[in-house]
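Reading through the structure tokens given below for one structure.
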Amino acid sequence: MARTRSAVLTPVETEIMKVLWALATASVATVTERLPGNRHYNTVLTILRILEQKGYVKHGADPNGRGYLYTPKVTRGRATKMFVKDLVDRMFGGRMDALVANLIEEEGLSSTEVTRLRKVLSSSRRRAAK
């Protein structure tokens with residue numbers, strides 16, 4: 001049975017998107033050069049095509065006539081929101097509070113993180129009250 005493609009980014013797709021988010025537009029060769037480790041051009045091209053099918057990138061002709069340039073269609077922030085929503089839906093039954101509780105229970109929080117979280121919760125309460 002064929003695997004279904006996830007709408008969220010895989011780890012390798014994320015690495016490629018990080019390069020595109022940093023550069024805004026890049027050729028396959030440029031993306032390949034900027035990736036950590038030793039990636040093969042054809043592998044990167046295949047993953048860029050998958051990202052295009054998923055709606056994360058688009059391609060256009062290189063004005064220098066050297067193939068295509070790839071540009072992100074999805075911002076890093078939007079991709080992050082999609083990833084977190086998928087995680088919360090799959091692992092915590094759609095309950096964001098369960099995710100936050102799990103993180104606190106498993107990892108603990110520094111005093112700086114507790115202060116920041118209190119500010120975020122306070123701001124969220126004020127917005128909800130409006």
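For this chain, numbers begin at 1 and follow the sequence in order.
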Quiz item: If we ignore angles and hydrogens, is there a donor and acceptor under 3.5 Å between the side chains of Thr30 and Ser27?
Solution: yes

Exercise. Quick one: closest heavy-atom pair of Val28 and Tyr70, and the distance?
Key: CG2-CE1, 3.6 Å

Quiz item: Are a donor atom and an acceptor atom from the side chains of Thr112 and Arg116 found within less than 3.5 Å of each other?
Solution: no

Practice problem: For residues Gly55 and Val74, report the shortest heavy-atom separation together with the two atoms involved. | Solution: O-CG2, 3.5 Å

Exercise. Answer yes or no: is there a side-chain heavy-atom contact under 4.5 Å between Arg76 and Met17?
Key: no

Quiz prompt | Minimum-distance pair of heavy atoms, taken over all atoms of Phe92 and Asn102 | solution = CE2-CB, 3.7 Å

Quiz item: Mind checking whether Val57 and Phe83 sit in one hydrophobic cluster, side chains of I, L, V, M, F, W, Y counted as touching below 4.5 Å?
Solution: no

Self-check item: Euclidean distance, Asp62 CG relative to Leu69 CG, rounded to 0.5 Å
Solution: 4.0 Å

Self-check item: Partner residues of Arg66 under the salt bridge (Lys or Arg N to Asp or Glu O under 4.0 Å) criterion, sequence neighbours left out
Solution: none

Quiz item: Can you list every salt bridge (charged side-chain N to carboxylate O under 4.0 Å, His left out) pair that touches residues 18-29, not counting sequence neighbours?
Solution: Glu15-Lys18

Quiz item: Would you say the side chain of Lys58 lies within less than 4.5 Å of the side chain of Tyr68, judging by non-hydrogen atoms?
Solution: no

Self-check item: Ile47/Arg39 under side-chain contact (heavy atoms from CB on, under 4.5 Å): CA gap, chis, key distance, verdict
Solution: CA-CA 11 Å; Ile47 295 168; Arg39 300 286 182 186; over 6 Å; no

Quiz item: Looking only at heavy atoms, what is the nearest atom pair of Ala24 and Pro72, with distance?
Solution: O-CD, 3.0 Å

Practice problem: Please name the pair of heavy atoms, one in Ala29 and one in Tyr41, separated by the smallest distance, quoted to 0.1 Å. | Solution: N-CE1, 3.7 Å

Self-check item: Qualifying salt bridge (charged side-chain N to carboxylate O under 4.0 Å, His left out) pairs, either residue in residues 91-112, two or more places apart
Solution: Arg95-Asp97

